[in-house]
There are 2 protein chains.
Amino acid sequence: MPYARVRADRSTHYGHRRRLTGANVADARQAMYRQVAADLRHAITDGAYGSGGRLPAESALAEAYGVSRGTIRQALSVLRADGLVTSRRGTRRVVLGTARVPTFRESLSFTRWARSIGEEPGGRVVDIARVPADEVEREQLRLEAGDHVYRVLRVRTLSAVPVMVERTVYPERVGEIVAACDPAAVSHTVPMEERGVVITDAHHTIDVTGADEDDSRLLGCRVGDALLRERRRSTDPAGSPVEWAEDRYLPGTIAFAVHNSAAASSLSRRPAL
Amino acid sequence: MPYARVRADRSTHYGHRRRLTGANVADARQAMYRQVAADLRHAITDGAYGSGGRLPAESALAEAYGVSRGTIRQALSVLRADGLVTSRRGTRRVVLGTARVPTFRESLSFTRWARSIGEEPGGRVVDIARVPADEVEREQLRLEAGDHVYRVLRVRTLSAVPVMVERTVYPERVGEIVAACDPAAVSHTVPMEERGVVITDAHHTIDVTGADEDDSRLLGCRVGDALLRERRRSTDPAGSPVEWAEDRYLPGTIAFAVHNSAAASSLSRRPAL
DNA sequence: TAGTGGTCTAGACCACCGG
DNA sequence: CGGTGGTCTAGACCACTAC
């Protein structure tokens, strides 16, 4: 009975408000559909339904959680986007996989990601400079001619072993925060968040490139050796660019995992320039 | 006035049904929210709002399209998943980018993708065999011991130049379709669809690997040279695995583009094995 | 044919952003 | 403060699947 969890919480915290209408039931702590989604997610990754198994009907879930069918559907759409379940007319939803799906924040921060898999992350700023933005940077960060950016070159480690070189360009207001960090700071994401810089969207391009002299020196490979490259433009809730980054990984250290579906795509091939 | 388009279509096809209740208005051809999403998508990629510009309010769109706010929100959630717009409480949605986002089907089929960018795709089956599934294949395709699979080795070309080697494993019912194709058939996806094999979900893992002897011979590179690798497990609407594929691209030919957001993630790093 | 998820409506209250 | 998107409800009809 996976859905007992949320119900218990709710009768404790909000039970007396059950009869109220509108959205006042939610938002108090977290949206109801998120609680339901989290609950079902745990049930699925715990194998409560098995791989290829069927979920209860929406109507059954609605009754069990004491919410409307719309709220249940909202919760399930989260799980569908993560690739945990399919759905189609006529039959109950089917569990596609039981693997845990990292949160968005884990997917953006090398530090959080490393810790989530039990590794010891490290980082060292090799070079940082405040310079006028070039044309590409102005385009990517949506800046005006004459605006300045911070360019940061940094090597990232797992258990003290270098695995990735990170070249990030920040608009001035964000770069100032990074520039104030200790060069050996493990995370830049955390100080940024503490200063109110929030990332809600990211565009990624993944391909292969050859190591240059910086890469060679920092990663201990030869110039020209192939590296897995991720380029990323991240934006805040207002849609303003927060960073433009190019990460280069030693082969064999990491892989990128993506899910897409007819309902929500998000992955595509692109000609490599 | 981007939203004039759908309205015109609708008054032509369904205008007389406007007053009906329930979902009978939709489904007839395509869901209303999909029409609205497609219309807004075109408006955005045509630059009608500019990059960083604001969309009309949901209420305004609802009135303009003659549908409820819920339907508009459903349409906008599609665009948000594609990374075309942000959204947050308090302000209108903002356009994140104006680049066209490929459809899910384009993202799965090398042939469709190549044509969508104006390239001439080709393919040649180098080897195909029906064999008992090994342990990994049984796991990936959710098969029983003793079940057979088809293993297909194929080289893919753009303008007759080899760019990718494809190793695909199919369960028997799908493999039979592929085995019946001309070895030089440009597309396997199309015959599969004609026989009722539909793919609705795909899990991808992207990393770098070294070329083996087959890759070397077919792509004209040296053994050990780095290739961009995509491994993919695709499932049908019922959640049954349809294929398990490993594609290896010559560096510099293609890149993968992904969007993710706090609202709908789907991208993650993984330790390489 | 019964049960399922897909689509749509009409209305409500709220948190949040900006002027 | 008004306007915006976020959340939730209650109900309806339908397309589709599986038996």
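By convention in this document, chain letters (A, B, ...) are assigned in the order of the sequence lines, proteins followed by strands, and residues within each chain are numbered from 1. Reckoned from all heavy atoms, side chains included, excluding hydrogens, waters and symmetry mates.
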**Request:** Name all residues meeting the salt bridge (charged side-chain N to carboxylate O under 4.0 Å, His left out) criterion together with A:R173; count only those two or more places apart in sequence or in a different chain, and write none if there are none.
**Result:** A:D236
**Prompt:** Starting at the 5' end of DNA chain D, which residue's closest nucleotide do you reach first, B:L55 or A:Y33?
**Reply:** B:L55
**Request:** Return the set of residues passing ring-ring contact (aromatic ring centres under 6.0 Å, His included) with B:F110 (not counting sequence neighbours), or none when no residue passes.
**Result:** B:W113
**Request:** Compute the angle between the rotation axes at the two ends of the helix from C:dT1-D:dA18 to C:dG18-D:dC1, each taken over five pairs, rounded to 10 degrees.
**Result:** 20°
**Message:** On the nucleotide C:dG3, are OP1 or OP2 found under 4.0 Å from the side-chain N or O atoms that A:R92 carries?
**Reply:** no
**Request:** Quickly work out the A:Q30 CD to C:dA15 P distance and round it to whole Å.
**Result:** 15 Å
**Complete:** Among the nucleotides D:dG6, C:dC8, C:dG6, whichever has the atom closest to the side chain of B:R69 is D:dG6
**Message:** If the condition is salt bridge (charged side-chain N to carboxylate O under 4.0 Å, His left out), which residues does B:R88 pass it with, not counting sequence neighbours?
**Reply:** none
Report, one pair per line, the protein and nucleotides 17-19 of chain D atoms (nitrogen or oxygen only) whose separation is under 3.5 Å.
{"unit_1": "D:dA18", "atom_1": "OP1", "unit_2": "A:R88", "atom_2": "NH2", "d": "3.2"}

**Those residues that, when tested against B:R100, pass salt bridge (charged side-chain N to carboxylate O under 4.0 Å, His left out) (two or more places apart)** = B:E106
**Request:** For A:P191, enumerate each residue passing the side-chain contact (heavy atoms from CB on, under 4.5 Å) test, keeping only those at least two apart in sequence or located in another chain.
**Result:** A:I177, A:C181, A:S187
**Prompt:** Sub-3.5 Å donor-acceptor pair from the side chain of B:R231 to the main-chain atoms of B:T205, do we have one?
**Reply:** no
**Request:** Can you tell me the distance, in whole Å, between the CG atom of B:L79 and the P atom of D:dG5?
**Result:** 14 Å
**B:L96 versus A:R233, closest heavy-atom pair with distance** = O-NH2, 3.2 Å
**Prompt:** Excluding sequence neighbours, so at least two apart, what forms salt bridge (charged side-chain N to carboxylate O under 4.0 Å, His left out) with A:R54?
**Reply:** none
**Request:** Just compare C:dT4, D:dG6, C:dC8 and give me whichever is closest to any side-chain atom of A:A57.
**Result:** C:dT4
**Message:** Strictly below 4.0 Å: does B:S87 bring a side-chain N or O up to OP1 or OP2 of D:dG6?
**Reply:** yes
**Item:** For A:R69, side chain to side chain donor-acceptor pair (under 3.5 Å) partners two or more places apart
**Value:** A:E58
**Complete:** Side-chain atoms of B:R73 come closest, of C:dT9, D:dT9, D:dG5, to D:dG5
**Item:** Sugar-phosphate only, base, or nothing, as touched by A:R93 at under 4.0 Å among non-hydrogen atoms
**Value:** sugar-phosphate
**Request:** Just compare C:dG6, C:dT9, C:dC8 and give me whichever is closest to any side-chain atom of B:M32.
**Result:** C:dC8
**Asked** For C:dG3, does either OP1 or OP2 sit under 4.0 Å from a side-chain N or O belonging to A:S59?
**Response** no
